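Contents: one structure, followed by commentary.
Quick note on labels: first sequence line is chain A, next is B, and so on, each numbered from 1. Only a predicted model underlies this, so the values are computations on that prediction, with no experimental measurement involved.
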Amino acid sequence: MIRDATAPPRDRSGDWRTVLFPALISLVSIIAVFGALAWWVTSSPQWPRVQAQFFSLGDMRAAFPRVLEGFWVSMQVWLTALVCIGLWALVLAVVRALRAPLFAPLRLLVVIYIDIFRGVPVLLMVLLFGFGIPALNLPGLPNAALFWGGVAMVLTYAAYVAEIYRSGIDSVHEGQWAAAKSLGLTEWQTLRYSILPQALRNVLPALMNIVVALQKDVALLSVLGVRDAVREAQIYTATTFNYSSLLVAAGLFLLATIPMARLADWVARRDRVRRLQRTQ
Amino acid sequence: MTAPARIHIQALTKYFGNRPVLDGIDLSIALHEVVCLIGASGSGKSTLLRCINGLEMWDRGTVRLDGVPIDDPGFGGGTLQKRIAIVFQSFNLFPTMTVRDNITLAPCKVHGKARAEAEKTAHHLLTRFGMAAFAARYPEQLSGGQQQRVAIARALATDPDVLLLDEVTAALDPELVGEVLSIIRDLKARGLTMVIVTHEMGFARDIADRVAFLEGGRILEEGAPDRMFLAPHNARTRRFLQRIIDAGRL
Ligand SMILES: Nc1ncnc2c1ncn2[C@@H]1O[C@H](COP(=O)(O)OP(=O)(O)O)[C@@H](O)[C@H]1O
Ligand SMILES: [Mg+2]
């Protein structure tokens, strides 16, 4: 059949075959792959033993209340740390962005700080702060491992976030600085009213990824004996020699991180749309 | 020029690295006078305007406003910018603020004006420029011509004595140039002192009281617009204008 060349191409988006068929194919292939995987794992001679140790519903139920309690601790640490990181990183980024010669020594300090805290593994910082500083018994400061471990997380993460802020500040057009200065605004006013609002909007997707990463990295504090979800799950494991509690903790973290990851995705998509519209 | 100089520039010299981009500029702008700067790209026109508004530092020479050097401490804290405003080719409006907030920012935050009063001024300016209906919009939602009209309103919000305009129509689609030029004509009619950098030669000839031709950071020739455009003395001015005519822009 010869189609009229001048006729508009048929809109096929509403056609159920074009929608349903690919979906069906992917569903079938997913079931096939995971089914085969499940069959392969469960057919292993060791499977019943593993199942009893990791997938025991009874143990999961028994461990759940304590692990959940620990999970609240994790989430509290997460939220508190988020606020502190966001603010401290902003201070670092602003100091680095100020151009007046007066701030040169401070700028140098910030650069050194960022280099150090980005260059050492978070886990190491948590151990050093969590065990080292309480041992000093500093007067007037709390001694809890949880507190100092949290401080280590904040200081480390802030170094990364400050760099994200900085990339956002650098991405703002130079003309904005000129416009603000030509109106008589000080550097700080320029940052506050013009540069930072644009910078934050530009780096929101990158920040969301940090938020998700931190949500699970707070589990690092368990090495200090902080009774968070991971620690509680380990305590259960140590007394019963059953690992199902670890899966409970994993499940709880997933419940929290997956919605955050979706949110991060949504923010990134919206940001992309905004940029596309602007360049049109 | 018998009228007292509002702006007096003497032997202004500025280097980028070891290359002079302003090379001994002498220029006076009288009260109510409109001076157009013309010259090829890279001749130093923008740098000159940016020095007058305090955006750039220079190496030698002086710039005076009503007889006072503009690097005088008395011109700090935004005082200079209140009296000498500048508008850029690329508008440079603040995208996260509404049109109204763009205009009231400096009056409120730099000069401590009451918000209600600043908004009244903003409303007057926007009405004059046919933009009153757009006060609550964001810059991205406006056409280039509308954005530039807002940028001019923002520059005028502190009621400056001198307005510097740096190729304010160069980034506009041709059909939007007219609306911005008509605003500038209106400002001249009200007696505002202006220094205008433009490639719109017809407009320059029409609006300027005096035209200065820049090349290599020097003013090679200045004079009344008709004489400059019809009978330039300097061979380089002639060559520049010839190129403009060949490009169909005069
Ligand atoms: N920030 C800068 N650093 C180095 N060179 C610059 C800078 N700004 C401008 N220049 C140079 O100074 C010269 C004059 O520039 P400009 O004043 O923008 O000229 P115009 O506005 O007449 O096109 C140009 O050669 C340009 O390359
Ligand atoms: Mg220029």
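A:Arg201 and B:Glu140 make their closest contact through NH2-OE2, 3.7 Å (heavy atoms, listed as atom of the first residue, atom of the second, distance). The nearest pair of heavy atoms linking B:Pro95 to A:Gln176 is CD-OE1, 3.6 Å. Pairing each heavy atom of B:Thr96 with each of A:Gln198, the nearest pair is CG2-CG, 3.9 Å.
At a 4.5 Å heavy-atom cutoff, the contact between B:Leu55 and chain A is made by backbone and side-chain atoms alike. If you measure heavy-atom distances from B:Phe94 to chain A, the contacts under 4.5 Å come from both the backbone and the side chain. Proximity to chain A is limited to the side chain of B:Arg50, based on heavy atoms less than 4.5 angstrom apart. Neither the backbone nor the side chain of B:Leu80 comes within less than 4.5 Å of any heavy atom in chain A.
Summarising the local packing, CZ of A:Phe21 is surrounded by 12 or fewer heavy atoms from other residues, nucleotides or ligands at distances under 6.0 Å. The 12-atom threshold is exceeded at NE2 of B:His111, counting heavy atoms of other residues, nucleotides or ligands nearer than 6.0 Å.
The residue among B:Ile84, B:Leu164, B:Leu93 with the most heavy atom pairs within less than 4.5 Å of chain A is B:Leu93.
Separation of atoms CG (B:Leu49) and OG (A:Ser182) is listed at 11.5 Å; rounding is to 0.5 Å. Between B:Lys109 atom NZ and A:Leu185 atom CG the span is 10.0 Å, to the nearest 0.5 Å.
Side-chain contact between B:Met97 and A:Pro197: absent, with no pair of heavy atoms (C-beta onward) separated by less than 4.5 Å.
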